[in-house]
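Step one of this worksheet: look at the structure below.
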Amino acid sequence: MNTHASVVVIGGGVMGTSIAYHLAREGVRDVVLVERDELGSGSTSKAAGGVRAQFSDELNIQLGARSLEAFGRFEEDTGYDIGLHRVGYLFLLSTPQEVAGFEASVRLQNSLGVPSRMIDPAEARRLSPLITTDGLLAAAFSPDDGHCTPESVVHGYASAARQYGARILRHTDVTGIERHGDRITAVTTTIGRIATDTVICAAGAWSRAVGAMVGVDLPLVPLRRQVAVTEPVEGLPPHLPMTIDFTTSLYFHGEGPGLLLGMSDPDERPGFATDTHDRWIPRLAAAMERRAPALLDLRRTGGWAGLYEITPDHNALIGEATSVSRFLYATGFSGHGFLQGPAVGEVVRDLYLGRVPFVDVSPLSAGRFAADAPRPEANRV
């Protein structure tokens, strides 16, 4: 293969397919997306599927809220049912510091149109009856949040992108990016060379290696996260919110007749391992005993491991490199990439076209760390 593209998108997860869709829908010709495996086979297919706007950072709130709007009309836009359940996100708060932090976040969210609110422990238990309120001081809830099916989002975007003229190359490794001076001239792959002057990196946990091909440092590390799926739960409320014990990071939401649950593991070390293990189970069980003891009686029926791409401030890298011409990136989302995929697709489209995006993402540039201007996100799981 020896072909030409106006832009090459690297990565076939939610971010890459969203970007390809938004570019092609806008009329950009010769968009080529390159994915080394199957679409969505990286981090996207391992995501828990949560979608929310309950963040502490104004940019994340805006990206989350804009994406929620897009998820709400996804079937109308693409023809794909993504199994969207607008059941809300419920953050359980057990310390005065957590309460104060979320009170400030809710005020900021409300000022940006997000209908989140602080609630008392009794209302939290009415919403999520599997929890115990022992030691619980308050909770934060937003009814607009929820969860959906990541693979359906990827395939919906990919199908629609193809209809608008984008080409998608699966099972194709990117082996290099050619340059002439500071200008990109081609992307080399295992099936041939693609002449282009523009590359968009949406390779998730593998993005640092892509950036290195053009001398751009994308400061992120991959970190394994695990989830488990349980047997059917008798009497499971049909509108059970995504419930997160913020102190321990234990979370769960309905998954068919059972639950999908997980939590962070401070013993994990950066790396690309995605095999599952049981070393996290004692900590998971302790968190359940503390906040949701009813979960201890449930049998695990499955689970998997995937990769977060973690940046030093746990916030995304979105922007365009200054050291090389036309290398854009959207990566480093530190666990909230899936839920921001629709909005970031819009933003990167506008950056490519030289338009002003709906939100100024310049504070999320990868150069912020060299400039000692980190952008920390506090409401993360």
Side-chain angles (χ1 to χ4, degrees), residues 7-11 13-16 18-20 22-23 43 53 55-67 108 112 177 179 181-184 187 196-223 270 308-380:
V7 54
V8 174
V9 180
I10 301 175
V14 67
M15 209 58 65
S18 172
I19 291 167
H22 282 94
L23 289 170
S43 296
F55 288 96
S56 66
D57 182 290
E58 181 174 349
L59 288 178
N60 287 332
I61 296 167
Q62 292 172 299
L63 292 169
R66 183 80 157 208
S67 291
L108 178 57
L112 296 168
I177 300 175
R179 285 189 295 166
D182 65 355
R183 186 170 60 86
I184 290 172
V187 172
T196 188
D197 62 4
T198 304
V199 170
I200 300 175
C201 176
W206 299 268
S207 294
R208 193 161 203 166
V210 175
M213 292 178 180
V214 290
V216 174
D217 183 27
L218 298 176
L220 59 88
V221 294
L223 188 71
Y308 273 21
E309 74 249 30
I310 305 291
T311 63
D313 59 6
H314 295 267
N315 222 334
L317 308 173
I318 306 172
E320 181 168 358
T322 56
S323 58
V324 62
S325 177
R326 299 262 76 182
F327 180 82
L328 293 84
Y329 50 85
T331 187
F333 289 90
S334 304
H336 47 263
F338 169 66
L339 65 90
Q340 293 185 350
V344 174
E346 284 189 57
V347 168
V348 174
R349 172 202 66 198
D350 291 341
L351 293 177
Y352 170 79
L353 293 171
R355 303 193 311 208
V356 178
F358 77 93
V359 63
D360 177 15
V361 295
S362 58
L364 297 179
S365 163
R368 68 183 184 268
F369 300 106
D372 194 26
R375 181 91 180 194
E377 169 56 53
N379 297 358
R380 50 191 171 85

Exercise for the section: Would you mind reporting whether Trp206 and Ser43 have side-chain heavy atoms less than 4.5 Å apart? Expected result: yes
Exercise for the section: Mind running side chain to side chain contact (heavy atoms under 4.5 Å, CB included) on Val216 and Ser323 for me, showing each step along the way? Expected result: CA-CA 7 Å; Val216 174; Ser323 58; 3.8 Å; yes
Exercise for the section: Measure the spacing between CZ of Phe55 and CG of Asn379 and express it to the nearest 0.5 Å. Expected result: 8.0 Å
Fill in the blank from the handout: On a heavy-atom basis, the closest approach of Ser56 and Pro376 is OG-O, 4.5 Å
Completion exercise
CG of Leu59 to CD of Glu377, rounded to nearest 0.5 Å, is 10.0 Å
Fill in the blank from the handout: Tightest non-hydrogen contact, residues Gly64 and Ala53, listed as C-CB, 4.0 Å
Problem - Worked check of side chain to side chain contact (heavy atoms under 4.5 Å, CB included) between Ile184 and Val324 - result: CA-CA 7 Å; Ile184 290 172; Val324 62; 4.0 Å; yes
Fill in the blank from the handout: Of all heavy-atom pairs linking Ser67 and Gly341, the shortest is OG-N, 4.2 Å
Fill in the blank from the handout: CD of Glu320 to CG of Leu328, rounded to nearest 0.5 Å, is 4.0 Å
Handout entry: Pairwise side-chain contact, Tyr352 with Arg326, heavy-atom cut-off 4.5 Å (strictly under)
Key = yes
Exercise for the section: Output, in order, the C-alpha distance, side-chain angles, deciding distance and verdict of side chain to side chain contact (heavy atoms under 4.5 Å, CB included) for Phe333 and Ile318. Expected result: CA-CA 9 Å; Phe333 289 90; Ile318 306 172; 4.1 Å; yes
Practice task
Would you give the length of the straight line joining atom CZ of Arg380 to atom CG of Asn315, rounded to the nearest 0.5 angstrom?
Solution key: 10.0 Å
Exercise for the section: Taking all heavy atoms of Pro357 and all of Asp350, pick out the closest pair and write down the distance. Expected result: CA-OD2, 3.6 Å
Fill in the blank from the handout: One should read off an interatomic distance between Glu58 CD and Leu63 CG, to the nearest 0.5 angstrom, of 10.5 Å
Practice task
Could you check if a side-chain atom of Gln340 sits within less than 4.5 angstrom of a side-chain atom of Val14, using non-hydrogen atoms only?
Solution key: no
Problem - Heavy-atom side-chain contact between Val7 and Val199 under 4.5 Å - result: no
Exercise for the section: Using a 4.5 Å cut-off on heavy atoms from C-beta on, say whether the side chain of Leu218 contacts that of Val210. Expected result: no
Problem - Any Arg355 side-chain heavy atom under 4.5 Å of Arg349 side chain - result: yes
Practice task
Grab the two heavy atoms, one from Leu351 and one from Gly319, that are nearest each other, plus how far apart they are.
Solution key: CD1-CA, 4.2 Å
Completion exercise
Pro312 and Pro219 have their tightest heavy-atom pair at CD-O, 3.3 Å
Exercise for the section: Evaluate the ring planes of Tyr329 and Phe327, with Trp represented by its six-membered ring, and classify them as parallel (under 30°), tilted (30 to 60°) or perpendicular (over 60°). Expected result: tilted
Exercise for the section: Show your working on side chain to side chain contact (heavy atoms under 4.5 Å, CB included) between Leu364 and Leu317 and close with a plain yes or no. Expected result: CA-CA 5 Å; Leu364 297 179; Leu317 308 173; over 6 Å; no
Exercise for the section: For residues Val8 and Ile200, determine if any side-chain heavy atom of one lies less than 4.5 Å from a side-chain heavy atom of the other. Expected result: no
Exercise for the section: Flag the pair Arg375 and Asp57 as a salt bridge only when some basic side-chain nitrogen lies within less than 4.0 angstrom of an acidic carboxylate oxygen. Expected result: yes
Fill in the blank from the handout: Here the gap from Ser334 atom OG to Ile310 atom CD1, rounded to the nearest 0.5 Å, amounts to 4.5 Å
Exercise for the section: Side-chain contact test, heavy atoms from C-beta onward, threshold under 4.5 Å: evaluate it for Thr331 versus Met15 and give yes or no. Expected result: no
